[in-house]
Undergrad: 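The following block contains the structure, expressed as structure tokens.
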2 protein chains.
Amino acid sequence: MSTGEIVQPAPRRRRSDGERSRKSILEAAAALATIDGLEGLSIGRLAERTGMSKSGLYAHFGSKQELQLATVETANEIFQAEVVEPALAAPAGRERLIALCDHYFSHLEREVFPGGCFFASAAADFDTRAGPVRDAIAAAYTDLDELLQELGADARDRGELAADTDLAQLSFELGGFLLAANSAYVLFRDTGALDQGRRAVRARLAV
Amino acid sequence: MSTGEIVQPAPRRRRSDGERSRKSILEAAAALATIDGLEGLSIGRLAERTGMSKSGLYAHFGSKQELQLATVETANEIFQAEVVEPALAAPAGRERLIALCDHYFSHLEREVFPGGCFFASAAADFDTRAGPVRDAIAAAYTDLDELLQELGADARDRGELAADTDLAQLSFELGGFLLAANSAYVLFRDTGALDQGRRAVRARLAV
DNA sequence: CCTACCGATCGGTAGG
DNA sequence: CCTACCGATCGGTAGG
């Protein structure tokens with residue numbers, strides 16, 4: 001250690017860190033939003049959490065609404081990667097439908113988001129509002145509903161479910177089991193709710 | 001109209017209005033909480049809504065947390081009066097269990113709270129917090145779970161449900177249908193979700 | 001990306 | 001119950 005050496009200042013970010021920075025901000029935002037709510041998420045607290053100044057965040061996102069929209073998009077990507085894509089690895093049909101629900105329960109258990117299901121939390125926050133953020137959340141809800149119905153149709157076409165299965169009704173009921181498990185798990189942190197969810201899904205899909 | 005008549009000022013509240021005032025404040029608070037969230041509910045906005053000054057509200061409740069606790073209590077009374085008590089008028093057993101769920105769907109449709117189920121909304125807001133408000137909301141959740149299980153036990157004992165019915169599991173699944181109907185209805189204001197809820201309950205309770 | 005600032009609103013209090 | 005006020009924090013902007 002020569003006397004010429006001085007204490008290094010905080011490492012200067014390279015330009016190429018811009019996108020990585022944006023991504024890590026949005027992941028922190030998605031996590032925080034499940035605790036404070038997507039509306040309760042404040043730019044000041046997010047700045048603190050990410051070690052950035054408030055105006056630094058505004059340089060990235062322009063407004064709170066833009067930040068919220070980007071956060072919903074990021075949460076969607078996380079949900080796809082943690083729940084949907086792993087489920088698509090299961091054999092098509094009834095097995096894949098069960099896998100989707102199981103990966104949903106698993107993502108709760110693994111605390112992918114600290115406050116449970118991002119979309120259940122965000123929907124509760126924005127359900128009575130109007131505007132692009134509500135619309136993005138509603139679209140995610142519809143997407144999951146459609147996915148459940150598609151997987152249900154595959155199972156039905158394979159003869160694994162009754163030929164007269166009402167797919168919208170099936171999706172509604174499975175969605176209810178996901179919501180019930182999320183609510184109970186986040187409120188009580190009791191994995192028993194996840195087991196009840198798994199049992200409910202299997203009973204509903206029994207031949 | 002004699003010239004002696006003057007425009008009346010806002011009617012002076014009589015002392016006995018105190019309790020009525022408190023009740024109407026709390027009813028407004030419970031309604032507002034399903035829109036802005038129980039935490040997002042601000043004392044300033046509630047003061048505006050009730051035509052009272054902020055410090056007037058503090059004279060009633062002392063702190064925001066006390067207001068939140070009193071609001072949860074009031075929401076509970078409304079839920080009892082609008083959902084639970086009407087259901088208890090139905091014949092004991094399976095019919096009463098269905099009536100409870102139906103009155104839940106009905107209270108959504110009648111917009112008893114403008115933002116849907118108070119407890120679903122409040123739970124989403126407080127599920128990751130700690131303290132007496134979270135505890136009061138969690139207790140309401142447990143109460144409903146126990147009620148569903150009791151009514152399920154009656155139905156089972158009457159032979160209207162299988163003798164080996166898992167009551168906790170039944171309550172979980174019915175609760176899921178209530179939550180699913182609430183989420184979809186509040187997000188999309190589509191009564192189809194309420195019909196799906198009614199069908200789901202009946203299918204689950206079919207002999 | 002930063003510092004420094006803006007008006008508005010938050011929960012809450014003093015004093016009546 | 002009121003007016004008048006407190007410090008803290010909100011979303012957002014100016015200027016660099």
Side-chain angles (χ1 to χ4, degrees), chain A residues 8-29 32-33 35-72 125-126 129-134, chain B residues 9-29 32-33 35-72 122 125-126 129-134:
Chain A
Q8 290 296 99
R12 200 164 278 278
R13 294 264 170 74
R14 283 153 299 159
R15 265 307 82 194
S16 60
D17 281 355
E19 266 184 43
R20 201 188 309 166
S21 166
R22 183 185 154 93
K23 198 188 169 197
S24 70
I25 291 166
L26 287 173
E27 282 167 358
L32 260 182
I35 294 177
D36 296 327
L38 189 55
E39 188 65 34
L41 170 71
S42 92
I43 290 174
R45 264 200 304 272
L46 182 59
E48 223 171 70
R49 179 69 63 105
T50 56
M52 193 173 282
S53 69
K54 271 172 55 181
S55 67
L57 292 180
Y58 276 100
H60 274 289
F61 303 105
S63 72
K64 185 174 182 182
Q65 180 171 285
E66 289 303 318
L67 171 66
Q68 289 171 324
L69 284 169
T71 301
V72 171
D125 216 6
F126 273 85
R129 303 177 200 263
V133 181
R134 184 223 84 106
Chain B
R12 200 163 277 279
R13 295 263 170 75
R14 284 152 299 159
R15 264 307 83 196
S16 59
D17 282 355
E19 263 185 45
R20 201 190 307 166
S21 166
R22 183 185 154 95
K23 197 189 169 197
S24 71
I25 291 167
L26 287 173
E27 282 168 0
L32 260 182
I35 293 177
D36 296 327
L38 189 55
E39 187 65 34
L41 170 70
S42 91
I43 291 173
R45 265 201 302 274
L46 182 60
E48 223 172 68
R49 180 68 65 104
T50 55
M52 194 174 280
S53 69
K54 273 173 53 182
S55 67
L57 293 180
Y58 276 99
H60 274 289
F61 304 104
S63 72
K64 185 173 181 181
Q65 180 170 285
E66 289 304 318
L67 170 65
Q68 289 171 326
L69 284 170
T71 301
V72 170
D125 216 7
F126 273 86
R129 304 176 199 263
V133 181
R134 185 223 82 106

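Throughout, protein chains are lettered first and strands after them, A, B, ... in sequence-line order, and every chain is numbered starting at 1.
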Undergrad: Write down the distance between CD (A/Glu48) and C1' (C/dC2), rounded to a whole number of angstrom.
TA: 17 Å
Undergrad: For the residue pair B/Phe61 and B/Arg22, establish whether any side-chain heavy-atom pair is separated by less than 4.5 Å.
TA: yes
Undergrad: Scan nucleotides 10-16 of chain C nucleotide by nucleotide, 5' to 3', and note B when protein non-hydrogen atoms come under 4.0 Å of the base, S if they reach only the sugar-phosphate, - if neither.
TA: SBBB---
Undergrad: Distance check, rounded to the nearest 0.5 Å: A/Met52 atom CE versus A/Ser24 atom OG?
TA: 7.0 Å
Undergrad: With distance as the sole test, does B/Gln68 use its side chain to make a donor-acceptor pair with the main-chain N or O of B/Leu38 at under 3.5 Å?
TA: yes
Undergrad: My validator wants the stems of DNA chain C: runs of 3 or more consecutive Watson-Crick or G-U pairs, both distances under 3.5 Å, written as range with range.
TA: C:1-16 with D:1-16
Undergrad: Counting only side-chain nitrogens and oxygens, does B/Ser53 get under 4.0 Å of the OP1 or OP2 atom of D/dC2?
TA: yes
Undergrad: Looking only at heavy atoms, what is the nearest atom pair of A/Leu32 and A/Arg49, with distance?
TA: CD2-NH2, 3.6 Å
Undergrad: Can you find a pair of side-chain heavy atoms, one from B/Glu66 and one from B/His60, that are under 4.5 Å apart?
TA: no
Undergrad: Side-chain contact test, heavy atoms from C-beta onward, threshold under 4.5 Å: evaluate it for A/Leu57 versus A/Leu67 and give yes or no.
TA: no
Undergrad: Let me confirm one number: the CD1-OG distance from A/Ile43 to A/Ser53, rounded to the nearest 0.5 Å.
TA: 11.5 Å
Undergrad: Calculate, to the nearest 0.5 Å, the distance between atoms CG and NZ belonging to A/Leu46 and A/Lys54 respectively.
TA: 12.0 Å
Undergrad: Grab the CZ-P distance between B/Phe61 and D/dC1 for me, whole Å please.
TA: 10 Å
